[in-house]
J.: 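Here it is, the structure in full.
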There are 2 protein chains.
Amino acid sequence: MTTDLGCVNLRWALALFDGLIAGGMRQLVLSPGSRSTPLVLAAQRQPAVTVTPIVDERSAAFVALGMARASRRPVGVLCTSGSALAHWLPAVIEAAESEIPLLLLSADRPPELRGWGANQTIDQTRLFGVQVRAFYDPGTPEATPLALKQIRALGRRAAAESLGAWPGPVHLNLPFREPLVPEPSCQAAPEPQPPLALSDSADSLPSAIPAQARHALQHFTRHSGHGLICCGPGQWSAAGAAALWQAAARLGVPVLCDPLSGLRFGAASPARITRYDSFLRHPTTATALKPAWVLRIGRAPVSKTLLSWLAEVPTLLVSTSGSWSDPNYDVQQKLALDPATVCAWLAAESEINAADRAWLAAWRTAEQHIAQLAADYLAHAPWCEGQLIGELIAQLPADDGLLCANSMPIRQLDTWSGARAQSLRLFGNRGASGIDGQASTLAGLNAAGTPTTALLGDLSLLHDLSGLLAWRALERPGIVLNNGGGRIFDYLPQYGLPEFTTLWRTPIDIAFKDLARTFGLAHRQVSDGVGFRQALAESLQPQQPAGLIEVVIDGDVSRQTHQGFWRVVRGEV
Amino acid sequence: MTTDLGCVNLRWALALFDGLIAGGMRQLVLSPGSRSTPLVLAAQRQPAVTVTPIVDERSAAFVALGMARASRRPVGVLCTSGSALAHWLPAVIEAAESEIPLLLLSADRPPELRGWGANQTIDQTRLFGVQVRAFYDPGTPEATPLALKQIRALGRRAAAESLGAWPGPVHLNLPFREPLVPEPSCQAAPEPQPPLALSDSADSLPSAIPAQARHALQHFTRHSGHGLICCGPGQWSAAGAAALWQAAARLGVPVLCDPLSGLRFGAASPARITRYDSFLRHPTTATALKPAWVLRIGRAPVSKTLLSWLAEVPTLLVSTSGSWSDPNYDVQQKLALDPATVCAWLAAESEINAADRAWLAAWRTAEQHIAQLAADYLAHAPWCEGQLIGELIAQLPADDGLLCANSMPIRQLDTWSGARAQSLRLFGNRGASGIDGQASTLAGLNAAGTPTTALLGDLSLLHDLSGLLAWRALERPGIVLNNGGGRIFDYLPQYGLPEFTTLWRTPIDIAFKDLARTFGLAHRQVSDGVGFRQALAESLQPQQPAGLIEVVIDGDVSRQTHQGFWRVVRGEV
């Protein structure tokens, strides 16, 4: 046995990574520190792991979140002891709500230093409380064969739990005694692990689902009256989506596709409906299309119009999530089954009812009518988000990603995106729906291999300034809507309150040009359609610095344009 | 009874502020949001409260921390529901460790929306776990006389608990049902509260201390052998400090004054020792000055040299803190008494032992010797932190503040500051000793009325970029040591490891000139003593924009200079 404790630390940390890698981890985002040194040394020695250093731990966790969101693999994030890991909490909450596999590896002081007033020592135990799926504090390293076997197993287990039936963040708090650096004589190397076959569970569609669930599905979809499928934020494999469209065709129902459902862009089906947030504002249409039942898949949709229109409609929720998504309290039953499996079963088992064709046709008519109405309206309206989003959806290359920030951008995209036949992966941190971490998430999405553009509000960008440090390498631009603060409040009852601008809208007086220069980013400022088209085209050129596209938009004009469109939709003008 | 729920929300929120104000709160830092609207409206109607809007909640909490640190009053921080409050965690941890009164006011969705998949809704209950002194979730607002009385009482109670025997953060999670904006007819006004007499407890020095404690103090300070008093990070009133110096004089012992003890700058005493981190590196001196007992006050000192030299010395800890500061495991007994009270009692009761004069004289000799050695050394050394800190301590106006960041700056200040007769309030976030939140803390310290300069490392500044948004109004500069990353690692065993620069030192390639311009700040770049003297003098001029002083320092030269000085100190050269 070695008496070099630094070597023990390293060998134990290496074994942990053996397990994490066997469990599917390939990316590690780390922030600098001293106590975390054995883990950093171990990560360096693991050729299977790509290490990305990010100084600000808050940004680091959102970068990891973006990587895990795009790759659907567990991603590690590593930091030193003290308040460092506290900066992870916002991303941990988003990961918990969005069910993203994050492996939180915090270095810690050993037990004998905790609570004795030692420097940079806080109580890290269960720091993330109920926001993580599991928490482990495996004690201090040893290098016996049994201890190494145990920590390897913990690595596999933590990775598996992060990817499990209810994916999410898992926290490993890892204490180290000094010395943290091994002697030069230390022999330590990773132990090759049997590779884990990571399969996209939605790709395999077992036809067998429990009898009770079959009964519920049959009973529900044969209700007296027309139904619909509502797909909120979620993920579909190609096979899963195909099963969904087949099921919809057999049932003769429309599929209302949330912008984050993954269904708006790509292989088309007549059942795909994307413009409900607009046409459901028309009272007669809203009444005519009211369904008798809803099969809901994924999280609740972004559209408030849709959500309140669905109130009182009996709902069957299909979800393997450990959360319970029923904000209207209409869920009659939750089937804890993979939606793709359920769709495949429905596609095979459902009776075809000819009368349902008229129902689906009515939805198609509403969809096409509003698409034409929007096109006509935007052709004559002042240039703002509507035209911008149309241009963006048209120009982004096939299979690209688009990160859409919360607050106004996702709502505007919901209104204006429509559908497109080419694939486009739309990403949004819609778990907690914060304006935080957007710049860092973009860097993470790109680092995971999906070239991804961002559509951000000005406050979102400024909430995550240090995320810009990771933008230099990006091949896709960040588009920031510079419209003078949090314009979502312009649409809420707060609009016009005393000190409205100072305390709610909170515009920030900053020169984006200087901001871009600070971070070594290209900067393009545009304020009309021609300018935006050109700036976007330039930014998407290979070998061109992408950087920041600053879109100057008059928030008041934008508001009038949106509200004008809704008046048109409601038939008021 | 009103049926306007928006009005009920507002009246209840007003009553909460009545209580918080009665409990001493005068400042509120808020981040924009919708759910928090009743609280914002209530704060606006409370003339006793100054409201500061800060968009990034992480920055907001550190601004509040700075305000509370300087004012010693409870400061409120307010945000909306969702991941917003998660950004407070780093500042909450610092407040908990540093015992700073923060009132964390998070708006929340009402219970019926929590856990049902509603947007921007997370489990906010006990989000800060053991990091807060108390947590309350008082339920949804009502406007009955009893409900208003209850929430007023909770405000007083929370403020009192934040200031209590063990000060720290207190979390109030406040749910609101819609509508959040009252009807125009709503009548709601604050109810004047009886003013609370906030006294600085250290100003009153009750001579009575428990018999058991008196016995312990007498027994301890009459040990066979010489003792010393070690004052770590803490606070002293003028009366308390006077009592300390009297006690030291009667006991004939030196007082080792940590840079953050509040004792290095201001009214002098021969007992004040500040250069121990240097002269205790000299083996003979270290042996000669080894004490038989230590009376420790406040947190553990910054100096590792001092701390390890004190190991094995029997220690009496005087502290009212709920924490237990004993990183060497030498504390024989902890007296949970106010240090000023203890000092006053010692000053009155201690026997004067003439023999002790030689002991104190030996300490004075060491202090003066090293001061001269440092002056001689710096006169011929390359210009770096030593000369810079000397200049800073000399130039800063009386009663000013100086925020010193963690990692290298506080250690360098520990080495080079010496003492000065004029008062200077030295601040440092030494609770968790993070490099986080420094720019925001500076803004908060200044907002509390103490003109405060900052001495920051480059990584510290870049860790809190959004804090720079609050710098435009500052009358004192932020001084950033641009030395190419985390130079503390240059002094640790990690120095020279593979990928040392990329994974530990992590320099950030950013132009501080552009950074300053982005935030509308003056920028002065200096790299020598003449330049720094002039830049500092300019920045301290009234009516001059203070902004950012970028000090370009060659980290390698600095390291050689420091290590050269320690060789001189150890008598090796």
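Please read these numbers as outputs of a predicted model, since none were measured by experiment. Naming: A, B, ... by sequence-line order, numbering from 1 per chain.
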J.: A:Arg299, A:Arg126, A:Lys513, A:Arg430: which one forms the most heavy-atom pairs within less than 4.5 Å of chain B?
T.: A:Arg430

J.: Answer with side chain, backbone, both or neither: which region of B:Leu497 has an atom nearer than 4.5 Å to a non-hydrogen atom of chain A?
T.: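 B:Leu497 touches chain A through side-chain heavy atoms alone.
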
J.: Can you see whether A:Trp504 engages B:Thr37 through a side-chain donor-acceptor pair at a distance of less than 3.5 angstrom?
T.: yes

J.: If I compare all heavy atoms of A:Ser466 with all of A:Asp56, which pair ends up nearest, and what's the gap?
T.: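 Heavy atoms of A:Ser466 and A:Asp56 come nearest at OG-OD2, 2.7 Å.
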
J.: Is A:Glu94 close to chain B through its backbone or its side chain, or both, or neither, when contacts mean heavy atoms under 4.5 Å?
T.: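 No part of A:Glu94 comes within 4.5 Å of chain B.
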
J.: If you measure only the distance, is there a donor-acceptor pair under 3.5 Å linking the side chains of A:Arg58 and B:His87?
T.: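 Distance-only check passes for A:Arg58 and B:His87.
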
J.: Under 4.5 Å from any heavy atom of chain A, what part of B:Ser323 do you find: side chain, backbone, both or neither?
T.: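 The answer is neither part of B:Ser323.
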
J.: Side chains of B:Ser81 and B:Arg109: is there a donor and an acceptor less than 3.5 Å apart?
T.: yes

J.: Closest heavy-atom contact between B:Pro169 and B:Val92?
T.: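 In terms of heavy atoms, the two residues are closest at CG-O, 3.7 Å.
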
J.: Measure B:Val51 against the heavy atoms of chain A and call it side chain, backbone, both or neither at under 4.5 Å.
T.: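 Looking at B:Val51, just its side chain touches chain A.
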
J.: For B:Ala511, is it the side chain, the backbone, both or neither that has a heavy atom under 4.5 Å from a heavy atom of chain A?
T.: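 B:Ala511 touches chain A through backbone heavy atoms alone.
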
J.: Side chain from CB out, backbone as N, CA, C, O: work out which of these in B:Leu30 comes under 4.5 Å of a heavy atom of chain A, or both, or neither.
T.: side chain

J.: Using a strict cut-off of less than 4.0 Å between a Lys/Arg side-chain nitrogen and an Asp/Glu carboxylate oxygen, indicate whether B:Arg472 and A:Asp509 qualify as a salt bridge.
T.: yes

J.: Can you tell me how the ring of B:Trp88 sits relative to the ring of B:His171, calling it parallel under 30°, perpendicular over 60° and tilted otherwise?
T.: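 Plane angle over 60°, so perpendicular.
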
J.: Side chain, backbone, both or neither: which part of A:Val55 has a heavy atom under 4.5 Å from chain B?
T.: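 Both the backbone and the side chain of A:Val55 come within 4.5 Å of chain B.
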
J.: Can you tell me which portion of B:Asp123 sits under 4.5 Å from chain A's heavy atoms? Options are side chain, backbone, both or neither.
T.: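 Both backbone and side chain.
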
J.: Need one label for A:Thr121: side chain, backbone, both or neither, based on atoms under 4.5 Å from any heavy atom in chain B.
T.: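 Just the backbone, heavy atoms under 4.5 Å.
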
J.: Would you mind checking which part of A:Leu469 comes under 4.5 Å of any heavy atom in chain B, side chain (CB onward), backbone (N, CA, C, O), both or neither?
T.: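 The side chain, not the backbone.
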
J.: Contact part of A:Leu492 toward chain B, heavy-atom cut-off under 4.5 Å: side chain, backbone, both or neither?
T.: side chain

J.: Heavy-atom distance under 4.5 Å to chain A: side chain of B:Glu97, backbone, both or neither?
T.: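 It is the side chain, since no backbone atom gets that close.
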
J.: Give, as side chain, backbone, both or neither, the part of B:Ser36 having an atom under 4.5 angstrom from any heavy atom of chain A.
T.: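 Neither part.
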
J.: What part of B:Leu85 lies closer than 4.5 angstrom to a heavy atom of chain A: side chain, backbone, both or neither?
T.: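 No part of it gets close to chain A.
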
J.: So for B:Ile93, is it side chain, backbone, both, or neither that comes closer than 4.5 Å to the heavy atoms of chain A?
T.: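 Side chain of B:Ile93 only, per the 4.5 Å heavy-atom cut-off to chain A.
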
